[in-house]
S.K.: 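Could you have a look at this structure, given as structure tokens, before my questions?
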Amino acid sequence: MYTIAGLAQPDTLEEAYRILLHRRTNAILGGCAYLRLGRRKIGTAIDLSKLSLNYIIETEARVEIGAMATLREIETHPALRSLYDGMLTKAVGNIIGVQFRNVATVGGSVFSRYGFSDLITALLALDSEVELYKQGWLALTDFLARPFERDILVRISIKKDGRRAAYHSLRNSASDYPLLNVAVSRHDDAWRIAVGARPNVAVLAPQAAAQLAAGAGSPEGIAAVARAAASELTFGSNMRASASYRQAMCQVLVKRAVLEVLSCR
Amino acid sequence: MQIECVINDQKTVLEANAGELLADTLRARGLLSVRKGCDTACCGLCTVWIDGKPTLSCAVPVFRAQGKHITTIEGVSEEAAAFARLLAAEGAEQCGFCSPGFIMTVLAMKRELKNPTEADIVHYLTGNLCRCTGYMGQMRAVKKYLGVAS
């Protein structure tokens, strides 16, 4: 069981960051959905509830999602049901249950870089950017590749660039954690293929995406793209699936997602 | 620390430790309908509403209740009884341990969804795992309660 020695509810990000750096055991809280599953000894827990970060805003050019927005708010946001072919709605919809998604936050999910995350995989395929208080704006790809650094995730921004997208995951049972997830998007001739729950955190499959960009639209071409994704990425084993099963299923999910994007009108 | 909130329509000041979870605080106040069934934040037994939204109270630190309206089944007893009668009539009620969390989710769904399909209902109730007596009888009762029975 976790412990919290003290609680801070700062009024500004600056103050939150100052408290975060003050002691190694201090920690930013997200939705706290997984807090009780760990044994973390938190000195000062920093709650961002007063910073008005629970928003989803659609502008002409972008969708911005605040760190404290919940997964359920993503799922039920009217604009996100149609934007990106409803990919974000679909990606978060199988995470545990409604009650869990009303707790878990976007910031907690993304900053923690959970390997099993459905949301990170979808955001990666959408070429999202994250704003961190100290490090500023980073492409999500770069954020995930960087070594861990103490910081505060403020918001996520996704371009409204007319991108078409599809999301597929494989679960041993509904609402369980995915044993593999795949998100694919297409913007003109540029494709992005993201594969997560490998079981490590999602990464892109650039070589497979390049084959699609070069016009591999035939059934044989798509099968080759799926094989390329499965062979350029690495997979591991855990209680949900073996590495070889994940690799085999990666081909299936990539193929389905690419076909779905190709059929988007 | 002190947390001011409204529990079942009554203004309340909770005394709690910073790390305490809402489910434990509610139970300590005698709201024994709130149960913890899984220890992994996935079973739905501890469901209460925070500002009307069904929420896992076992996963929410109590300080997040500050300024919020908390509703347990004790606060919606008439509605709960009306649904419970439908459940019983369908032969869909047995030990009852999971019922408060399940019923709180069904009542929340009635407020949130308009004319849901069976798939919508299943999706909304996926986070309630413990369902003795079986899903079919419960589904019949839920459909009748939501006014979407064919």
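Note that the structure is predicted; figures quoted are calculated from it, not measured.
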S.K.: Once you round to the nearest 0.5 Å, how far does OG of Ser175(A) lie from NE2 of His123(B)?
M.R.: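 NE2 of His123(B) is found 10.5 Å from OG of Ser175(A).
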
S.K.: If you look at every heavy atom in Arg64(B) and Cys32(A), which pair is closest and at what distance?
M.R.: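 Looking at all heavy atoms of both residues, the shortest contact is NH1-SG, 3.8 Å.
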
S.K.: Tell me, for Cys58(B) versus chain A, whether the close heavy atoms (under 4.5 Å) come from the side chain, the backbone, both or neither.
M.R.: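 Both backbone and side chain of Cys58(B) come within 4.5 Å of chain A.
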
S.K.: Contact part of Ser57(B) toward chain A, heavy-atom cut-off under 4.5 Å: side chain, backbone, both or neither?
M.R.: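 Interface part for Ser57(B): neither.
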
S.K.: I'd like to verify something: which residue of Met1(B), Met109(B), Gln66(B), Glu112(B) has the highest number of heavy-atom pairs under 4.5 Å with chain A?
M.R.: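 Maximum pair count with chain A is reached by Glu112(B).
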
S.K.: Quick check on the interface: out of Asp47(A), Leu35(A), Leu37(A), Thr3(A), who has the most heavy-atom pairs with chain B under 4.5 Å?
M.R.: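 Sorted descending by pairs with chain B, the first entry is Asp47(A).
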
S.K.: For the NE2 atom on His77(A), are there more than 12 heavy atoms of other groups (residues, nucleotides or ligands in this structure) within a distance under 6.0 Å?
M.R.: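 Enclosed.
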
S.K.: Gly44(B), Cys42(B), Gly127(B), Cys46(B): which one forms the most heavy-atom pairs within less than 4.5 Å of chain A?
M.R.: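 Looking at each of Gly44(B), Cys42(B), Gly127(B), Cys46(B) in turn, Gly127(B) comes out on top.
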
S.K.: Can you check side-chain contact (heavy atoms from CB on, under 4.5 Å) on Phe63(B) and Leu29(A), steps first, answer last?
M.R.: CA-CA 12 Å; Phe63(B) 60 78; Leu29(A) 299 179; 3.3 Å; yes

S.K.: Under a 4.5 Å cut-off applied to non-hydrogen side-chain atoms, are Leu21(B) and Tyr2(A) in contact?
M.R.: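 The answer is yes; the side chains approach within 4.5 Å.
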
S.K.: Tell me whether the count of non-hydrogen atoms from other residues, nucleotides or ligands lying under 6.0 Å of CD in Glu149(A) goes above 12.
M.R.: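 Check passes, neighbour count above 12.
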
S.K.: Chain B heavy atoms under 4.5 Å from Thr76(A): which part of the residue, side chain, backbone, both or neither?
M.R.: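 The side chain, not the backbone.
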
S.K.: In this structure, are over 12 heavy atoms from other groups packed under 6.0 Å from Lys144(B) atom NZ?
M.R.: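 Check fails, neighbour count at 12 or below.
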
S.K.: Above 12 or not: heavy atoms from other molecules or residues under 6.0 Å from NZ of Lys90(A)?
M.R.: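 Result for NZ/Lys90(A): enclosed.
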
S.K.: Against chain B, work out which of Gly93(A), Ala45(A), Ala174(A), Ala5(A) has the most heavy-atom pairs shorter than 4.5 Å and name it.
M.R.: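 Looking at each of Gly93(A), Ala45(A), Ala174(A), Ala5(A) in turn, Gly93(A) comes out on top.
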
S.K.: Could you please state which residues from residues 96-113 of chain A sit under 4.5 angstrom from chain B, measuring non-hydrogen atom to non-hydrogen atom, sorted by number, or 'none'?
M.R.: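 Within residues 96-113 of chain A, the residues under 4.5 Å from chain B are Ile96(A), Gly97(A), Val98(A), Gln99(A), Phe100(A), Arg101(A), Asn102(A), Val103(A).
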
S.K.: Does CZ in Arg240(A) sit with more than 12 non-hydrogen atoms of other residues, nucleotides or ligands closer than 6.0 Å?
M.R.: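 Enclosed: over 12 neighbouring heavy atoms sit under 6.0 Å from CZ of Arg240(A).
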
S.K.: Flag yes if more than 12 heavy atoms outside Lys134(A) fall under 6.0 Å of its NZ atom; otherwise flag no.
M.R.: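 Atom NZ in Lys134(A) is not crowded, with 12 or fewer foreign heavy atoms closer than 6.0 Å.
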
S.K.: If we define contacts as heavy-atom pairs under 4.5 Å, which of Gln9(A), Met1(A), Arg72(A) has the most with chain B?
M.R.: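 That would be Arg72(A).
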
S.K.: Is it the backbone or the side chain of Met104(B) that comes under 4.5 Å from a heavy atom of chain A, or both, or neither?
M.R.: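 For Met104(B), neither part sits under 4.5 Å from chain A.
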
S.K.: Shorter than 4.5 Å, heavy atoms on both sides: which option in Val60(B), Asp39(B), Ile50(B) has the most such pairs with chain A?
M.R.: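 Heavy-atom pair counts peak at Asp39(B).
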
S.K.: Drop me the distance from Thr126(B)'s OG1 to Asp176(A)'s CG, to the nearest 0.5 angstrom.
M.R.: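 Taking OG1 in Thr126(B) and CG in Asp176(A), the distance rounds to 12.5 Å.
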
